[in-house]
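These notes concern the structure reproduced below.
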Amino acid sequence: MAGPDMIKTLLYTVNNLLQEEKYRAALAVLKGFRNGAVYGAKIRAPHALVMTFLFRSGSLKDKLKAILKATYTHSRNLACFVFTYKGLQAMQQKIQGKSLQSHSFLAACVGGWLVFGDNNSINSQINMYLLSRILFALSRLAVEKGIIPQPKQDPFPLFATLVWGIVLWLFEYYPHTLQPSLQSSMSYLYHDSNVWHDISDFLVYNKPRTAA
């Protein structure tokens with residue numbers, strides 16, 4: 001009976017600790033680390049699984065190692081960033097006695113430099129993903145603040161036109177400027193579809209099956 005009683009006492013103590021207001025900022029940093037790790041794994045694992053089995057060659061063991069490595073890197077980096085961001089934000093708020101918009105910006109800048117400043121494939125994908133989102137957000141904010149006038153017509157068709165025109169022009173004539181994963185996807189769609197030998201690699205497979 002000592003075992004279950006000890007566990008109950010421990011849970012009671014931990015739950016009481018979690019309710020303590022004086023520890024709230026530190027606990028929020030820890031939970032942020034936890035959430036970053038979980039979210040990073042949930043986002044990266046299925047993406048890595050699909051992209052690896054679609055475009056990566058090698059043995060099953062090599063593919064699984066690549067999936068685990070990508071998932072671990074994304075999960076670790078996001079967890080470390082959230083930990084750094086929330087920690088620095090809480091520290092600035094404690095020093096100045098109030099929350100300012102600059103706290104968020106500065107904390108994120110430091111976290112971005114420390115965690116996502118390393119130029120690797122995972123960080124590159126995350127940074128570019130965020131860049132596209134903030135460009136949209138800043139455009140909307142500029143309209144809200146009256147910096148630029150409200151468009152009379154929906155600008156999205158023009159946006160789509162330019163995005164697809166530019167990316168295909170780059171792919172056809174300057175493919176080295178694009179990310180390797182995007183190059184692979186576009187090669188599969190636009191170049192591999194120019195080659196076939198018979199019905200097997202026209203309809204069933206993308207490329208001819210090699211003899212074992």
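Note that the structure is predicted; figures quoted are calculated from it, not measured. Below, each value reflects all heavy atoms present in this structure, side chains not excepted, and no hydrogens, waters or symmetry copies. By convention here, the first residue in the shown sequence is residue 1.
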Counting the benzene-type ring for Trp, do Phe171 and His176 have ring centres under 6.0 Å apart?
no

Counting only N and O atoms by type, is there a donor-acceptor contact under 3.5 Å from the side chain of [X] to the main-chain atoms of [Y]?
X      : Y      : answer
Gln183 : Pro175 : yes
Ser104 : Leu100 : no
Asn15  : Leu11  : yes
Asn127 : Asn123 : yes
Gln93  : Lys98  : no

Start with the C-alpha gap between Thr13 and Asn16, add the side-chain angles, then the distance that decides, and say whether side-chain hydrogen bond (donor to acceptor under 3.5 Å, both in side chains) holds.
CA-CA 5 Å; Thr13 303; Asn16 279 343; over 6 Å; no

Please check if the number of heavy atoms outside [X] that lie under 6.0 Å from its [atom1] is greater than 12.
X      : atom1 : result
Asn120 : CG    : yes
Phe53  : CZ    : yes
Glu20  : CD    : yes

Out of Phe33, Phe116, Trp113, Tyr39, which one pairs with Phe81 under the ring-ring contact (aromatic ring centres under 6.0 Å, His included) rule?
Phe116

Establish whether [X] and [Y] are linked, either directly or via other cluster members, by ILVMFWY side-chain heavy-atom contacts under 4.5 Å.
X      : Y      : value
Tyr12  : Ile7   : no
Met91  : Leu114 : yes
Phe105 : Leu131 : no
Tyr23  : Val14  : yes

Of the non-hydrogen atoms in [X] and [Y], which two are nearest, and what is the gap between them?
X      : Y      : value
Thr161 : Pro157 : OG1-O, 2.7 Å
Gly32  : Lys86  : CA-CD, 4.1 Å
Ala37  : Ala79  : N-CB, 3.5 Å
Ala25  : Ala90  : CB-CB, 4.2 Å
Lys63  : Gly58  : CE-O, 3.5 Å
Gln92  : Ala107 : NE2-CB, 3.8 Å

Any [X] side-chain heavy atom under 4.5 Å of [Y] side chain:
X      : Y      : result
Lys69  : Thr73  : yes
Ile122 : Arg44  : yes
Gln125 : His47  : yes
Glu172 : His191 : yes
Lys31  : Asn35  : yes
Tyr85  : Leu88  : no
Leu168 : Met186 : yes

Taking side chain to side chain contact (heavy atoms under 4.5 Å, CB included) as the criterion, tell me which of Ile148, Val143, Leu141 meets it with Lys145.
Leu141

From [atom1] ([X]) to [atom2] ([Y]), nearest 0.5 Å:
X      : Y      : atom1 : atom2 : result
Leu135 : Leu130 : CG    : CG    : 11.0 Å
Lys94  : Ser99  : NZ    : OG    : 14.5 Å
Arg56  : Ser184 : CZ    : OG    : 11.0 Å
Lys65  : Thr52  : NZ    : OG1   : 13.0 Å
Tyr129 : Ser124 : OH    : OG    : 15.0 Å
Ile126 : Ser121 : CD1   : OG    : 9.5 Å

Here's one to test your reading of the geometry: is the NZ or CZ of Arg140 within 45 degrees of the ring axis of Phe136 and under 6.0 Å from its centre?
no

Is the closest side-chain donor-acceptor distance between Tyr188 and Ser193 under 3.5 Å?
no

After noting the C-alpha distance and the side-chain angles of Gln179 and Met128, does the key distance pass the side-chain contact (heavy atoms from CB on, under 4.5 Å) rule?
CA-CA 10 Å; Gln179 286 297 110; Met128 286 191 294; 3.0 Å; yes

Output, in order, the C-alpha distance, side-chain angles, deciding distance and verdict of side-chain contact (heavy atoms from CB on, under 4.5 Å) for Thr71 and Leu49.
CA-CA 9 Å; Thr71 302; Leu49 178 69; over 6 Å; no

Working for side-chain contact (heavy atoms from CB on, under 4.5 Å), residues His74 and Lys42
CA-CA 10 Å; His74 194 146; Lys42 288 171 69 174; over 6 Å; no

Start with the C-alpha gap between Cys80 and Asn77, add the side-chain angles, then the distance that decides, and say whether side-chain contact (heavy atoms from CB on, under 4.5 Å) holds.
CA-CA 5 Å; Cys80 290; Asn77 286 6; 5.9 Å; no

